[in-house]
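Below is one structure, written out as C-alpha cells; comments come after it.
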2 protein chains.
Amino acid sequence: MKTIEELLESKNIRVTAMRLLIYKFLVEKDVAVTLSDIENAFEKSDRTTLYRTIKTFEEKGIVHQIDDGTGITKYALCEKGCNCEIENDLHLHFHCNNCNETVCLTAHKIPQIKVPDGFVAENVNLVVKGFCDKCSGH
Amino acid sequence: MKTIEELLESKNIRVTAMRLLIYKFLVEKDVAVTLSDIENAFEKSDRTTLYRTIKTFEEKGIVHQIDDGTGITKYALCEKGCNCEIENDLHLHFHCNNCNETVCLTAHKIPQIKVPDGFVAENVNLVVKGFCDKCSGH
DNA sequence: TCATTAATGCACTTCCATTGCATTTGTTTT
DNA sequence: AAAACAAATGCAATGGAAGTGCATTAATGA
C-alpha cells in the first residue's frame, strides 16, 4: 500500500502540503467534485492554486474530468482500471437530478456503440441522469 | 409539405422575419450550431434576440439542446422521430475532434443502459467523439 | 384605429475557466 | 551553507458564455 506521497512522486508530481490535502479531500469524497467544492473546503487557499493543482492531477492521470451536463466541470479520482487517457474508455457517469451529485459507475461498462461508415469513434462520454440510490426513495 | 410559417404556427410560435431566417439557417446546417454560430450568421441582429429565439424554439419542441462536451451548448433541429422531450430519449450525438462539428445520429439508437440497484435512470446523454466522415481520411 | 401582448435591442450582471506576473517556497548545485 | 534555479502559490485581471431587466418597436385582435 503506497502512501500518498509515494503515489504523487511516482507520477512525477512534487509533494506539497496543499496537494496532499486536496488529494485526501478527493479520496474522502466518493462523488465527483467541482472546483467550487474544493474552494469551499479550502477557504484559506487561493482558487488559482486549487485550479492548477487539479489540472496537474489531471495531466498526470490522477483525476479525470467529467462533463455531466450541469455546465460545470467536475473531477473525480481515477480508480484502478480507469483508462481515461486511453481511447475507447467506456466508463459511465450517473448524475442525480435531485442531489446534483455525480458518481462514476466504473463497474458498469457500456456496450460498443456503432457509428455510421466513415466515422471513427475514439472515445465515448455517457451520462445517465435520474435519481441516485439515496434520492430514489423520494 | 408544410411551409415554415405553418410549422411555426402549428407550434404556437409567432411568425417573424427573424424567426424564419433562423429556422432556415438551422435547416441549411446539417450540424448542431452554437449561439455564436448563429450570431456570426446574423450580425445585424442582437445576440439576445437570437438567444431568446432559440430558447423559444427549444421550449416549443423545434430544436433540442446538445451538450457535446466542448463546454458550449449546441442546438439542432428536432427531426421526425426525435423524442427529446420524452424520457429515455436514446439518441446519439457524434462530435468530431477535428472539425469540431457535432451531428445527431438519430438513426443510431443506444442499447438500454443498466444502472445499479437503487438508481433510477430517466434520461441518457451519449456523445461519441472521434473523426467524422469528412475528416477521417486524414 | 386603439389597446394589448409579444418580440426585439441595449445594457448589465453573473459565473466559471483561464492567464500573467510577482512572490514565495522547495530543490539542486557549488 | 549559500547561491542559483525551478516550480508552486497568490493576487489581479481577462474572456466567454449564459442569462435578466427594461425600454422600445412590431404584430395581433377587438
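For the numbers below, each heavy atom of this structure counts, side chains included, while hydrogens, waters and symmetry mates do not. In the text below, chain A, chain B and the rest are named by the order of the sequence lines, each starting its count at 1.
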Could you state the [atom1]-[atom2] distance from [X] to [N], rounded to the nearest angstrom?
| X | N | atom1 | atom2 | value |
| --- | --- | --- | --- | --- |
| Ile38(B) | dA17(D) | CD1 | P | 13 Å |
| Phe42(B) | dA7(C) | CZ | P | 18 Å |
| Leu21(B) | dA7(C) | CG | P | 16 Å |
| Leu8(A) | dA7(D) | CG | P | 17 Å |
| Asp67(B) | dA17(D) | CG | C1' | 13 Å |
| Leu50(B) | dT20(D) | CG | P | 17 Å |

Any side-chain heavy atom of [X] within less than 4.5 Å of one from [Y]?
| X | Y | answer |
| --- | --- | --- |
| His95(A) | Asn100(A) | yes |
| Val124(A) | Leu126(B) | yes |
| Arg19(A) | Glu5(A) | no |
| Leu8(A) | Ile62(A) | yes |
| Lys134(A) | Glu101(A) | yes |
| Leu50(B) | Ser45(B) | yes |

Candidate pair Leu77(A) and Val27(A), rule side-chain contact (heavy atoms from CB on, under 4.5 Å), full reasoning: CA-CA 7 Å; Leu77(A) 282 179; Val27(A) 173; 3.6 Å; yes

Test side chain to side chain donor-acceptor pair (under 3.5 Å) applied to Thr102(A) and Asp67(A), Thr70(A), Asp68(A), the passing residue: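 Single side chain to side chain donor-acceptor pair (under 3.5 Å) partner of Thr102(A) among Asp67(A), Thr70(A), Asp68(A): Asp68(A).
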
Counting only heavy atoms and a strict 4.0 angstrom limit, can you tell me which residues of residues 52-59 of chain A come near DNA chain D?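 Of all residues in residues 52-59 of chain A, the ones placing a heavy atom under 4.0 Å from DNA chain D are Arg52(A), Thr53(A).
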
Stretch residues 9-20 of chain A: residues that reach within less than 4.0 Å of DNA chain D through a heavy atom: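 Contacts with DNA chain D under 4.0 Å: Arg14(A), Thr16(A), Met18(A), Arg19(A).
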
Just the table, please: protein N/O against nucleotides 11-16 of chain C N/O, every pair under 3.5 Å.
none

For dT18(C) and Tyr51(A) - does any side-chain N or O of the residue sit under 4.0 Å from the phosphate oxygens OP1/OP2?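 Indeed, a polar side-chain atom of Tyr51(A) lies that close.
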
Search all heavy atoms of Val103(A) against all heavy atoms of Phe119(B) and return the closest pair with its distance.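 Of all heavy-atom pairs spanning Val103(A) and Phe119(B), the closest is CG2-CE2, 4.2 Å.
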
Taking the six-membered ring for Trp, are the ring centroids of Tyr75(A) and Phe57(A) within less than 6.0 Å of each other?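 Ring centres of Phe57(A) and Tyr75(A) not closer than 6.0 Å.
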
Main chain of Asp37(A), side chain of Thr34(A): is a donor-acceptor contact present, judged purely on distance under 3.5 Å?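 Present.
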
